[in-house]
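Since we're looking at a predicted model, the values are computed, not measured. Convention: sequence-line order gives letters A, B, ...; per-chain numbering from 1.
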Amino acid sequence: MTQLIDIFASIGLWSAVLRIATPLILGTLGALLCERSGVLNLGIEGIMTFGAMIGWLSVYHGADLWTGLLIAAIAGGLFGVLHSFLTVTLGLSQHVSGLGVTLFASSFSYYVFRMVVPVANTPPTIVPFQPLDIPVLSSLPFFGPAFFTQTAPTYLAIIIALLLAYIIFRTPMGLAIRMTGENPHAAEAQGVNPMVIRYGAVIAGSALMGAGGAFLTLAAFDSFFPTMMQGRGWICIALVVFASWRPGRALFGALLFAFFEAFQLRMQTMLGGAVPYQLFLMTPYILSIVALALMARRARVPQALMQPYRRGER
Amino acid sequence: MTLPVLQIEGVSKRFGNNLANDDISLTLAKGEIIALLGENGAGKTTLMSILFGHYTPDAGRIVVDGTELPPGKPRAAIRAGVGMVHQHFSLAPNLTVLENVMTGTESLWAVKSQTGAARRKLLSISERFGLRIDPDKRLGDLSVGEQQRVEILKSLYNDARILILDEPTAVLTNIEAERLFTVLKDMARQGLSLIFISHKLDEVMAAADRIVVLRRGKTVAERRASDSSKAELAELMVGRQVERPVREPSTPGALALAARDITVWVNGVARLKSISFALREGEILGIVGVSGNGQAVLGQMLFGTCARTSGTLELFGKPVADLTVPDVVDAGIGRIPEDRNHEGAIGEMAIWENAVLERISSPAFSKNGLVNRNAGMAFARRIIEEFDVRGGTPQTRARLLSGGNLQKLILGRNLLQNPRILIAAQPTRGLDEGAVAAVHARLLAARKEGAAVLLISEDLDEVIRLADRIQAIVGGLLSPPVEAADADARKLGLMMAGEWREVEDAV
């Protein structure tokens, strides 16, 4: 019991939560933006992998860290163009197209990586983002090191979450996106072009996914390996449902999942000998299924999600 | 005459082999209400979709206030002051009324929505035209009539001066429809110009100043409402004289269906309260009532999709326990459900599949677990031929049939099985004159063959014309039956208002 209290009182747990949460926050917001416009983007797992790879590779070849992050976002956006073309222009099944994008982007990441970086026992590394000192806040006892010694992209992710909440609920653009996700025919009848809105939302959302992936290689770790995404993209897809398509709740959901993850890592070290560690590895996923089951029943799904829009057809 | 606010000049539109609009011209004056009258498929909706920019015409032009509209641009139509209220609403149930109205009205790049100003504008419009609404309610929580109000407000909010309504009363109850026309007339008095599409003669005569009749894509006539008659309009619309079939006398046979003290609770509300009725072979029993008074539940209970809470039900003298759908089908009860698009057919499946679906496990259509496709197709072809289903082959998806033809398909698949009991719920709702006559003829033919027909309807004329006996349903209660010979609209009106005791005293 005292050990448990020790875990909760440890600075390491709380600072890990924010670090683990960052790629999830960005990925979830990206998926959420796509879905609000009515497009499910299962390309997320591959897009995040590609973002992680291309961001890292850019920096490895001399770009600075922010440029690397930007390149990852642009690359994500390009996959967004591909997914939009397949699902919006051609009106193909969003599931199939998304899974196709994931398979393609993942394999392509590995291909590009191997083209440039030869096989080695220890993968090459870069110098990642360093924790940012915020005046006053970072020097607070306990709270300072626990919450305010993060890298800059983490703060950026939180700001983007708040910004996206504002855009979706308080601006005409957000309303147009929501209307497109609920009823593209109505949007069209009101003079909003659903095709343009969907393209825009999917491209912007995919860019967020790319940036989320890049956080892993540019801030959380310092190297890239092809299997590093470990289903984070799928967790994001689940978190969107958990969040009931609201950015604020998406932020909360990502933090909650990250908390489970950080907590189970420490439980592993605490009870490592007595209990097989795989059991702890499972807990965040089990808890997220439970949370999803509880929350998703009240969720309001965008009514036109996964429905291709064709002009003049009802 | 002052300059017309709207001119449609020589508009034509072709879909494949079908010439939907053939050189149509029309003018609309300020403060005028025009009714566009025509059967389903006459090209009314196509014409209005061209006017609103949903379709690009093959020929012709649209002029609003002397300026030609660019074809195929809804946004230009909105800006020119044209508003459209679709039959199937263009609304998002998960958004609020205000959000639905505001979409697309502001620049997409504005950093903040001006919700306060928008709310004030919406409320002032709703005040001015007597269209009361709560702007912050979720749209999906509103009734159909209120949702239509939101559709109209949406157009007015965009400063529409020309309002197009596509079959506005198709989804409304009679009372809601009356209220709507009061509002529309008030709008015309305030200087708006309106066009409404309809195939209902009564409302066209009552609400329009001028009536334009379309048939097979052409304007066949234009009349002032004051100079025309229902009979003339009906003939113009259909292209020949429509004679609704009349009932011949018959002698009812044995008792087919007897319901005693049936009560049904749905979600904690008693929807049917101890109702009793008896249905005999070779007769039509009409159940009239304003929709929402329990007739939907009555239909579902007899279709086997809704269990009764108490009461007894006898089929041909034998009491039955809980009715399931297979029981109903096996007992030879034919069903015409109220919502033909959702309960009556599966839109994405072929006509032949829809024709055989409910009897798919019978030996006629399957063997050893395999569907006998040929038998199904042959059955569908028989329906198409004998029931004059137009617009498709057995392989056509049911969704592509018009309402009247879909109803003929549903009638056909039931009547070709020679049902001993036929339950028809709102069988002619939303159908045009020709299709109504066809459905009526079929119901009367079934009666003649000795079937027991239960006709649930809110159309008084229909019930008086077809039924032998009539009962009214009000708030889940059923009146005692009256003979059709003794019934007239006034008496049935009283019964539908729940005052059947007075009617009985008067008899």
(message) Under a 4.5 Å cutoff for heavy-atom pairs, which residue among V192(A), T171(A), V301(A) has the most contacts with chain B?
(response) T171(A)

(request) In plain terms, say whether E99(B) and R178(A) are close enough for a salt bridge, that is, a side-chain N and a carboxylate O under 4.0 Å apart. (result)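 Judged by the 4.0 Å cut-off on N to carboxylate O distance, E99(B) and R178(A) do form a salt bridge.
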
(request) Please determine if R14(B) and D22(B) form a salt bridge, counting it only when a charged side-chain N lies under 4.0 Å from a carboxylate O. (result) no

(message) Which one wins on heavy-atom pair count under 4.5 Å against chain A: E106(B), Q114(B), R79(B)?
(response) E106(B)

(message) Let's test your reading of the structure: which of A77(B), P93(B), S113(B), G104(B) forms the most heavy-atom pairs below 4.5 Å with chain A?
(response)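 Max contact count across the listed options: S113(B).
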
(message) Is the distance from the ring center of F257(A) to that of Y285(A) below 6.0 Å?
(response) yes

Extract all donor-acceptor atom pairs below 3.5 Å that involve side chains of residues 160-167 of chain A and protein atoms in other chains or at least two apart in sequence.
{"residue": "Y166(A)", "atom": "OH", "partner": "V111(B)", "partner atom": "O", "Å": "2.9"}

Part of [X] within contact of chain A (heavy atom distance under 4.5 Å):
X	value
M84(B)	neither
I78(B)	side chain
S155(B)	neither

(message) For A92(B), give me all partners under side-chain contact (heavy atoms from CB on, under 4.5 Å), at least two apart in sequence or on another chain.
(response) M179(A), E182(A), N183(A), L95(B), N100(B)

